[in-house]
Amino acid sequence: MALLAGKNMAKAGIFLEAFLFNPPFLSAPIERIKDKKLKHGIRIAGSLITAGLTIAMKRHQHQPRSENPFFALSPWVPYLFVNPGDHICSEYIWYFEHRKKMEEIGAGGIERLATQTSVTDLFFNAAGRESEPLHLLPSANLVVNRSRCEDFKQAHGIHQ
């Protein structure tokens, strides 16, 4: 709720200081894969597919920059507190790390396009339904709590 409220306020030009604990990032829990090369390969493939579908659907050309939610949210920098053991929010870790890695390998343009949408968002739009990815955040102060947790319930707990 706080993530949605903060995003809506930011799109209205009101940039609240926000502290979000374990905000949801609806995605396959790729962060749980142990093989770093496999994770990186899956993420690169996902970025290529998302950017390719965005270009194919000409989605990036429909909105002027001033109306694009990604650019409207750019000045808002919430604090995100996540635990890698929490598969509901741990994908924020890769979301920001992957963007840096794509810049490093010279694929920053692809990643910038892929970051602004999601495959689910593209399918909703193809079906004529307006949608915006919940995880859409251009930037954040990411705090990763690396304390050991026995299970998901403990990793997602408010005491984190």
Side-chain angles (χ1 to χ4, degrees), residues 1-32 42-43 46-103 107-146 152-153 155-160:
M1 297 286 290
L3 176 61
L4 291 174
K7 286 175 62 175
N8 285 333
M9 295 296 287
K11 286 188 279 185
I14 302 166
F15 306 106
L16 301 173
E17 187 171 26
F19 299 87
L20 306 170
F21 297 89
N22 299 332
F25 188 110
L26 304 175
S27 165
I30 298 169
E31 189 60 30
R32 301 184 66 80
I42 290 170
R43 291 185 173 126
S47 294
L48 290 171
I49 290 168
T50 304
L53 286 171
T54 301
I55 290 169
M57 295 175 73
K58 298 182 184 346
R59 171 89 192 286
H60 65 290
Q61 295 174 352
H62 286 128
Q63 291 178 316
R65 186 178 174 121
S66 62
E67 294 176 18
N68 185 315
F70 190 80
F71 295 107
L73 290 173
S74 292
W76 185 53
V77 185
Y79 292 86
L80 301 183
F81 296 84
V82 300
N83 186 305
D86 182 349
H87 57 266
I88 291 177
C89 69
S90 64
E91 291 303 312
Y92 276 110
I93 298 167
W94 81 261
Y95 177 76
F96 291 109
E97 288 179 2
H98 179 66
R99 286 170 48 183
K100 281 190 241 175
K101 287 179 183 175
M102 291 294 278
E103 285 288 339
I110 292 169
E111 187 57 24
R112 282 187 292 278
L113 189 56
T115 299
Q116 296 178 36
T117 191
S118 70
V119 173
T120 304
D121 179 48
L122 290 169
F123 285 123
F124 274 121
N125 281 287
R129 293 179 57 199
E130 286 297 315
S131 175
E132 177 185 308
L134 180 62
H135 68 271
L136 180 68
L137 284 176
S139 59
N141 290 310
L142 184 66
V143 179
V144 180
N145 179 349
R146 300 216 183 265
F152 161 75
K153 186 176 178 181
H156 191 69
I158 191 67
H159 66 280
Q160 291 291 325

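Using the six-membered ring where Trp is involved, F81 and F21 have ring planes that are parallel, under 30° apart on the 30 and 60° scheme. Ring geometry for F19 against Y79 counts as parallel: the plane angle stays under 30°, on a 0 to 90° scale with 60° as the upper cut.
Taking CD of E103 as the reference point, atom CD1 of I110 lies at 11.0 Å (rounded to 0.5 Å). A distance of 15.0 Å separates CD1 of I93 from NE2 of H98, quoted to the nearest 0.5 Å. In this structure, I14 CD1 and N8 CG are separated by 10.5 Å, a value rounded to the nearest 0.5 Å. Put simply, CD on E97 and CD on E91 are 10.5 Å apart, with the number rounded to the nearest 0.5 Å. If you take CG on N22 and OG on S90, they are separated by 9.5 Å, rounding to the nearest 0.5 Å. One finds the CD1 atom of I55 at 5.0 Å from the CG atom of L113 (value rounded to the nearest 0.5 Å).
Nearest approach of M102 to S47, heavy atoms of both residues: CE-CB, 4.0 Å. Smallest separation of non-hydrogen atoms from P84 and R146: CG-NH1, 3.5 Å. When every heavy atom of C89 is checked against every heavy atom of P23, the shortest pair comes out as CB-O, 2.9 Å. The shortest non-hydrogen separation linking Y92 to L3 is OH-CD2, 3.5 Å. Residues W76 and A10 approach most closely at CB-CB, 3.7 Å, considering heavy atoms. Considering all non-hydrogen atoms of both residues, A140 and F96 come closest at CB-CZ, 3.7 Å.
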Before giving the answer on salt bridge (charged side-chain N to carboxylate O under 4.0 Å, His left out), spell out for K100 and E111 the whole-Å C-alpha distance, their side-chain angles and the decisive distance to 0.1 Å.
CA-CA 9 Å; K100 281 190 241 175; E111 187 57 24; over 6 Å; no

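Remark: the backbone N or O of L137 is paired with a side-chain donor or acceptor of Y95 at under 3.5 angstrom.
Side-chain contact check for S139 versus L73: every heavy-atom pair is 4.5 Å or farther apart.
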